[in-house]
Amino acid sequence: MLSQIKKTAPLVHCMTNYVVANFTANGLLAVGASPIMADEVNEVTEIVSISQALLINIGTVNDRTAESMMLAGEKANELSIPIVLDPVGVGSTSYRRQLVQLLLKNIQFNLIRCNAGELAAIAGEVWQSKGVDSGTGEIDIALVAKRISLQYRCFVIVTGESDFITNGYEELHISGGKELATHITGTGCLLSAICAASLASGGTNQLQNLVTTLKDYKQAAEQNTKNVGDFALQFMNRLQELAEVEK
């Protein structure tokens with residue numbers, strides 16, 4: 001799927017957080033997509049209009065960017081541009097919970113990409129949040145993800161040691177990757193952006209395209225190093241290599 005993204009080279013409008021913006025932009029460039037980061041309320045609808053996908057990531061959201069996200073999402077719906085929601089830390093504050101519920105009410109998303117704690121918060125399940133990390137709790141991830149998928153009429157991806165994806169009816173688990181990836185800020189956020197590029201790049205079977213994207217991403221993470229700094233560098237290089245494979 002990364003090679004397909006490279007062929008189509010979609011422009012992905014990333015309304016993302018400032019912690020991961022650089023990493024996300026470089027990761028999209030590594031797989032051949034074109035990133036643009038814009039959250040000014042007076043231009044977001046114009047940016048969406050020239051883009052092929054939109055990512056809404058609430059990691060460092062505030063009232064100004066929340067308004068921009070709403071406008072961008074509504075414009076993307078108007079133009080049938082795929083939208084990915086990354087509800088970073090949604091369970092950590094009432095502000096984030098209320099914002100995500102408002103976004104889900106007013107915008108039709110194509111995909112929610114989250115961790116188990118974020119899924120639990122969206123579904124109203126009991127969970128102990130730990131900032132923007134997954135936290136701790138016990139839910140039936142498959143059951144809850146399928147319910148949320150049907151409720152909001154979108155794909156749901158829950159990432160973790162084993163990734164889970166569903167369209168509400170079908171479900172798949174994708175294993176692989178490396179635990180060291182969780183020590184790199186932005187790997188999940190970058191995955192959300194690459195999933196947006198995937199939705200903009202490939203054919204009619206979007207579920208299979210997303211499954212392949214998850215497999216490619218986990219393959220890129222399977223590095224031999226035990227050093228965090230080396231891992232980040234090798235991971236980016238591996239994403240580029242996978243995108244350059246002719247298929």
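Across Ile56, Leu190, Leu54, Leu28, a single residue satisfies side-chain contact (heavy atoms from CB on, under 4.5 Å) together with Cys14, and that is Leu28.
Within the 4.5 Å cutoff, the side chain of Ser162 has no heavy atoms near those of the Ile174 side chain. Within the 4.5 Å cutoff, side-chain heavy atoms of Lys75 are placed close to those of Ser49. Thr225 is listed as a side-chain neighbour of Gln234, based on a closest heavy-atom distance under 4.5 Å. At least one side-chain heavy atom of Met15 sits under 4.5 Å from a side-chain heavy atom of Ser68. Between Ile184 and Thr187, the closest side-chain pair of non-hydrogen atoms falls below 4.5 Å. Proximity of Lys146 to Glu171: side-chain heavy atoms (C-beta onward) are separated by under 4.5 Å at one or more points. Cys114 places a side-chain heavy atom less than 4.5 Å from the side chain of Leu119. The shortest distance between side-chain heavy atoms of Met236 and Phe23 falls below 4.5 Å.
Glu125 has a carboxylate O that lies under 4.0 Å from a charged side-chain N of Arg147, or vice versa, which qualifies the two as a salt bridge.
Of all heavy-atom pairs between Val84 and Cys195, the closest is CG2-C, 4.3 Å. Residues Val20 and Cys189 approach most closely at CG2-CB, 3.7 Å, considering heavy atoms. In terms of heavy atoms, Met1 sits closest to Asp216 at N-OD2, 3.0 Å. Closest approach of Ile139 and Ala120 over heavy atoms only: CD1-CB, 4.0 Å. Contact record, Ile148 with Val156: CG2-CG2, 4.1 Å, taken as the closest heavy-atom pair. Annotation for Glu222 and Gly177: closest pair OE2-N, 3.2 Å, computed over non-hydrogen atoms.
No side-chain N or O of Asn237 forms a donor-acceptor pair with one of Gln240 less than 3.5 Å apart. Using modelled atom types, one finds no donor on one side chain facing an acceptor on the other under 3.5 Å when comparing Asp39 with Tyr18. No hydrogens or angles considered: a donor-acceptor pair under 3.5 Å links the side chains of Asn62 and Thr65. Between the side chains of Ser192 and Asp86, a donor-acceptor pair is found at a separation under 3.5 Å. Using modelled atom types and a 3.5 Å distance limit, the side chains of Arg153 and Gln108 yield a donor-acceptor pair. Asn26 and Asn22 are linked by a side-chain donor-acceptor pair at a separation below 3.5 angstrom, with hydrogens and angles left out of the test.
Atom-to-atom distance recorded for Leu79:CG and Glu74:CD is 12.0 Å, nearest 0.5 angstrom. The CZ atom of Arg113 sits 9.5 Å away from atom CG of Leu214, with the distance rounded to the nearest 0.5 Å. Taken from CD1 in Ile122 to CG in Leu104, the straight-line distance is 6.0 Å, to the nearest 0.5 Å. Rounding to the nearest 0.5 Å places CG of Leu55 at 9.0 Å from NE2 of His13. Rounding to the nearest 0.5 Å gives a distance of 11.0 Å between OG of Ser201 and NZ of Lys7. Taken to the nearest 0.5 Å, the OG1 atom of Thr166 stands 12.5 Å off from the CD1 atom of Ile141.
The neighbour count for Glu46 CD, taken as heavy atoms of other residues, nucleotides or ligands under 6.0 Å away, does not exceed 12. Residue Lys218 qualifies as enclosed at atom NZ: its count of foreign heavy atoms under 6.0 Å is above 12.
Hydrophobic clustering places Leu210 together with Leu172 (ILVMFWY residues linked when any side-chain heavy atoms are closer than 4.5 Å, directly or through intermediates). Cluster annotation: Val228 is connected to Leu239 through the hydrophobic network of ILVMFWY side chains, with a link wherever side-chain heavy atoms come within less than 4.5 Å. Note on Ile58: it clusters hydrophobically with Leu71, by side-chain heavy-atom contacts below 4.5 Å among ILVMFWY residues. Leu11 is not connected to Leu199 by any chain of hydrophobic side-chain contacts under 4.5 Å among Ile, Leu, Val, Met, Phe, Trp and Tyr, and they are in different clusters. Following chains of ILVMFWY side-chain contacts shorter than 4.5 Å, one can reach Tyr152 starting from Met70, so the two form part of one hydrophobic cluster.
For the ring-ring contact (aromatic ring centres under 6.0 Å, His included) test, residues two or more places apart in sequence or in another chain that qualify with His173 are Phe164.
Ser149 places a side-chain N or O within 3.5 Å of a backbone atom of Asn167 that can act as its donor or acceptor partner. Judged by distance alone, the side chain of Arg96 and the main-chain N or O of Val88 form a donor-acceptor pair under 3.5 Å. Judged purely by atom type and a 3.5 angstrom limit, Ser80 has no side-chain atom pairing as donor or acceptor with the backbone of Ala76. Of the possible donor and acceptor atoms, one in the side chain of Asp140 sits under 3.5 Å from a partner among the backbone N and O of Leu143. When atom types are taken as modelled, the side chain of Gln98 and the backbone of Tyr95 share no donor-acceptor pair closer than 3.5 angstrom. Not a single donor-acceptor pair under 3.5 Å links the side chain of Ser51 to the backbone N or O of Ala53. Using a distance-only test at 3.5 Å, with no hydrogens or angles considered, no donor-acceptor pair links the side chain of Thr213 to the main chain of Ser198. Using a distance-only test at 3.5 Å, with no hydrogens or angles considered, a donor-acceptor pair links the side chain of Gln223 to the main chain of Ala220.
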Between Thr24 and Asn57, does the side-chain contact (heavy atoms from CB on, under 4.5 Å) criterion hold? Intermediate values first, please. CA-CA 11 Å; Thr24 300; Asn57 174 311; over 6 Å; no

Could you go step by step and tell me if Leu103 and Leu85 meet the side-chain contact (heavy atoms from CB on, under 4.5 Å) rule? CA-CA 9 Å; Leu103 289 169; Leu85 173 64; 4.3 Å; yes

Would you check, one step at a time, whether the test side-chain contact (heavy atoms from CB on, under 4.5 Å) holds for Leu102 with Ile107? CA-CA 8 Å; Leu102 190 63; Ile107 298 169; over 6 Å; no

Tell me, with the steps shown, if Val12 and Ile36 meet side-chain contact (heavy atoms from CB on, under 4.5 Å). CA-CA 6 Å; Val12 182; Ile36 184 168; over 6 Å; no

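Ring geometry for Phe235 versus Tyr217: interplanar angle over 60°, hence perpendicular rather than tilted (30 to 60°).
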